[in-house]
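Comments concern the structure below.
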Amino acid sequence: MAMECITSTQSMTQPHQNNNKESETTPLVFDASILRHQHQIPSQFIWPDEEKPSLQVSKLVIPLIDLGGFLSGDPAATMEAVRLVGEACKKHGFFLVVNHGINADLISNAHSYMDDFFELPLSQKQRAQRKTGEHCGYASSFTGRFSSKLPWKETLSFQFSAEKISPKIVKEYLSNTMGKEFEQFGSIYQDYCEAMSKLSLGIMELLGMSLGVGKECFREFFEENRSIMRLNYYPPCQKPDQTLGTGPHCDPTSLTILHQDQVGGLQVFVDNEWHSITPNFNAFVVNIGDTFMALSNGKYKSCLHRAVVNKKTTRKSLAFFLCPRNDKVVSPPRGLVDDDFSPRVYPDFTWPMLLEFTQKYYRADMNTLNAFTNWIQQKESS
């Protein structure tokens, strides 16, 4: 579910600019077709001992939130969903939803079409190569951005817009980037993003009700969202105890809706320990990100999570990162702010400001929002 990530336990007042420099030497090339078979993995992918994954962790048992009654307008079912969402977001910012109304064939197609791209030779995938400082395109690990603690994965990211002026932005981007043979590929992910946008607005209604500001408050804020879709492809690794598919982090975006395949690998940090999340094809994994944590004035928590890899099987996941329209100011509703009992925790900002911070100055981790807050305050005082 990640943007780029790294673990840090120290309080940070300055962005890690040194972590974001491209290597002065030729960057390592992550060619999954070769590296997936190597028993000696490159040192850049080996994580420090204190951060290496434990592949034997307990499973997290959490209630599935049934959206069926909410979507059909049942008041009692809606209030139960509101209660469960509120409890989860106060504790760890993570929950699963079922009976969500998303067509199962669309989900299956979105998973299967990933192979059409990621099983291409590296040189062909690089037609969509992500450019330095940008967040869309193909990335083979992030070898061009970072020189250590690299994630064992490939990604393809693209922009989605719910604005009427950009009705087919996903389809056009993918077919223009990869060629006409990818028009159907683009159509699948255009439809998938539209479905995720609709689902996310429904979840925003539940979040608004659970925070006591009404169901329309956050729905309206995100109605014309300008979000990010990411296809995650985790190839097998012969040393899965040495590396991570995605390091521990909280997403800097507002809300993440993830669908994982049946392989498994997602872990969340709850009650001071890591827990695995059993894959459920009928469920979406939903987690709060830093931007919504700021919108809630810190009442709801960003979810700390990571992904592990395995020796034998490629793991795939679909991540939709809900983000507000670029000109929307991230500021909590008045009902969530009280000078005496609940003062403002974070300054106002726009999503492009936080995105720029994570792309150019700071490698997103569990402390991104605090580091970003300090960065803004230092800029304003200088």
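Numbering of residues begins at 1 and proceeds along the displayed sequence. Computation of the quantities below employed the complete heavy-atom set of this structure, encompassing side-chain atoms and omitting hydrogens, waters and symmetry-equivalent molecules.
- In terms of modelled atom types and a separation under 3.5 Å, the side chain of H259 and the main chain of S317 share no donor-acceptor contact.
- The minimum heavy-atom distance between S302 and C250, with the atom names listed, is CB-CB, 3.6 Å.
- A distance of 7.0 Å separates NE2 of H135 from CD of Q359, quoted to the nearest 0.5 Å.
- Counting heavy atoms from C-beta on, the side chains of I277 and Q260 come closer than 4.5 Å.
- A side-chain N or O of T314 and one of R36 form a donor-acceptor pair less than 3.5 Å apart.
- In this structure, a donor-acceptor pair under 3.5 Å is present between the side chains of D251 and H249.
- Using a 4.5 Å cut-off on side-chain heavy atoms (C-beta onward), V308 and L244 make contact.
- Put simply, the residue from L354, L355, L255 that forms a side-chain contact (heavy atoms from CB on, under 4.5 Å) with T291 is L354.
- By the side-chain contact (heavy atoms from CB on, under 4.5 Å) test, Q44 pairs with L28, P42, L150, sequence neighbours left out.
- Panel note: side chain S141, backbone P151; a donor-acceptor pair is recorded below 3.5 Å.
- A donor and an acceptor atom, one from each side chain of N225 and S197, are located under 3.5 Å apart.
- Atom-to-atom distance recorded for L201:CG and L322:CG is 7.0 Å, nearest 0.5 angstrom.
- Using a distance-only test at 3.5 Å, with no hydrogens or angles considered, no donor-acceptor pair links the side chain of T368 to the main chain of A364.
- Open room surrounds CD on Q40; 12 or fewer heavy atoms of other groups in view lie less than 6.0 Å from it.
- Across V330 and W351, no two heavy atoms sit closer than the pair CG2-N, 4.5 Å.
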Next on the checklist: Walk me through whether H92 and I288 qualify under side chain to side chain contact (heavy atoms under 4.5 Å, CB included).
Outcome noted: CA-CA 9 Å; H92 46 63; I288 298 299; over 6 Å; no
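- Using modelled atom types, one finds no donor on one side chain facing an acceptor on the other under 3.5 Å when comparing K153 with S140.
- Sequence neighbours left out, the pairs with a member in residues 156-176 that pass salt bridge (charged side-chain N to carboxylate O under 4.0 Å, His left out) are E163-R226, K168-E194.
- The backbone N or O of L336 lies less than 3.5 Å from a partner atom in the side chain of N297, making a donor-acceptor pair.
- A donor-acceptor pair under 3.5 Å is absent between the side-chain atoms of S342 and the main chain of D338, judged by distance alone.
- Formation of a donor-acceptor pair under 3.5 Å by the H111 side chain with backbone atoms of N109 is not found in this model.
- In this structure a side-chain-to-backbone donor-acceptor pair under 3.5 Å is present from R344 to Y346.
- Considering every non-hydrogen atom in both L71 and H100, the closest pair reads CD1-O, 3.4 Å.
- Side-chain N or O atoms of Y189 include one that pairs as donor or acceptor with a backbone N or O of A110 at under 3.5 Å.
- The side-chain heavy atoms of V286 and I65, taken from C-beta on, include no pair separated by under 4.5 Å.
- T177 contributes atom OG1, which lies 6.5 Å from atom CG of L174 (distance to the nearest 0.5 angstrom).
- Using a 4.5 Å cut-off on side-chain heavy atoms (C-beta onward), Y234 and W152 make no contact.
- Using a 4.5 Å heavy-atom threshold, the side chains of L67 and V98 count as separate.
- Side-chain atoms of T243 come within 3.5 Å of backbone N or O of F45 as a donor-acceptor pair.
- Under the 4.5 Å side-chain criterion, counting only non-hydrogen atoms from C-beta, M114 is in contact with Y233.
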Side chains of residues 207-215: which donor-acceptor partners sit under 3.5 Å, not counting sequence neighbours?
from: S210; atom 1: OG; to: L206; atom 2: O; distance (Å): 3.3
from: S210; atom 1: OG; to: L207; atom 2: O; distance (Å): 2.8
from: S210; atom 1: OG; to: Y300; atom 2: OH; distance (Å): 2.6

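- For the atom pair CZ (R230) and OG1 (T256), the distance works out to 10.0 Å, reported to the nearest 0.5 Å.
- In this structure P167 satisfies the side-chain contact (heavy atoms from CB on, under 4.5 Å) test with no other residue, sequence neighbours excluded.
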Next on the checklist: Could you walk me through whether E183 and K180 satisfy the salt bridge (Lys or Arg N to Asp or Glu O under 4.0 Å) test, starting with their C-alpha distance in whole Å, then the side-chain angles of each, then the deciding distance to 0.1 Å, before giving a yes or no?
Outcome noted: CA-CA 5 Å; E183 283 187 358; K180 284 193 173 183; 5.4 Å; no
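- Annotation: the span from F117 atom CZ to M178 atom CE amounts to 5.0 Å, rounded to 0.5 Å.
- Counting heavy atoms from C-beta outward, I228 and F320 have side chains that stay 4.5 Å or more apart.
- Cluster membership for V337 and F221, using ILVMFWY side-chain heavy atoms within less than 4.5 angstrom, is not shared.
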Next on the checklist: Could you walk me through whether E51 and K149 satisfy the salt bridge (Lys or Arg N to Asp or Glu O under 4.0 Å) test, starting with their C-alpha distance in whole Å, then the side-chain angles of each, then the deciding distance to 0.1 Å, before giving a yes or no?
Outcome noted: CA-CA 10 Å; E51 299 179 53; K149 297 204 283 191; 3.0 Å; yes
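- For K239, the NZ atom is loosely surrounded, since the number of other residues' heavy atoms within 6.0 Å does not exceed 12.
- Between L106 and D191, the closest side-chain pair of non-hydrogen atoms falls below 4.5 Å.
- Every pair passing salt bridge (charged side-chain N to carboxylate O under 4.0 Å, His left out) that includes a residue from residues 300-322 is listed here, sequence neighbours excluded: D115-K316.
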Checklist entry - Do W274 and S58 pass the side chain to side chain contact (heavy atoms under 4.5 Å, CB included) test, and can you show the C-alpha distance, the side-chain angles, and the key distance before you say yes or no? => result CA-CA 8 Å; W274 289 104; S58 60; over 6 Å; no
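- In this model, no donor atom of one side chain and acceptor atom of the other lie less than 3.5 Å apart for Q126 and Y138.
- The cluster map of Ile, Leu, Val, Met, Phe, Trp and Tyr, joined by side-chain heavy atoms under 4.5 Å apart, puts V57 and V263 in different clusters.
- Without hydrogens or angle criteria, S227 side chain to C323 main chain gives a donor-acceptor distance under 3.5 Å.
- Taking the six-membered ring where tryptophan is involved, the planes of F357 and Y362 are essentially parallel, since the angle between them stays under 30° and well short of 60°.
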Next on the checklist: salt bridge (Lys or Arg N to Asp or Glu O under 4.0 Å), that's the test. Do E356 and K360 meet it? Break it down for me.
Outcome noted: CA-CA 6 Å; E356 179 188 24; K360 295 182 179 179; 3.8 Å; yes
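- Among all heavy-atom pairs drawn from G245 and V309, the shortest one is CA-CG1, 3.8 Å.
- When all heavy atoms of S157 and R130 are compared, the pair lying nearest together is OG-NH2, 3.6 Å.
- Residue M229 holds its CE atom at 12.0 Å from SG of C136, rounded to the nearest 0.5 Å.
- Take P352 and apply the side-chain contact (heavy atoms from CB on, under 4.5 Å) test, not counting sequence neighbours, and it matches N326, T350.
- Note on E181 versus R127: salt bridge recorded, some NZ/NE/NH1/NH2 to OD/OE distance being below 4.0 Å.
- No side-chain donor-acceptor contact under 3.5 Å links S72 and D74.
- Listed here is the closest heavy atom pair of M353 and I376: CE-CD1, 4.1 Å.
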Checklist entry - Taking it one step at a time, do K91 and E87 satisfy salt bridge (Lys or Arg N to Asp or Glu O under 4.0 Å)? => result CA-CA 6 Å; K91 185 176 183 181; E87 288 179 356; over 6 Å; no
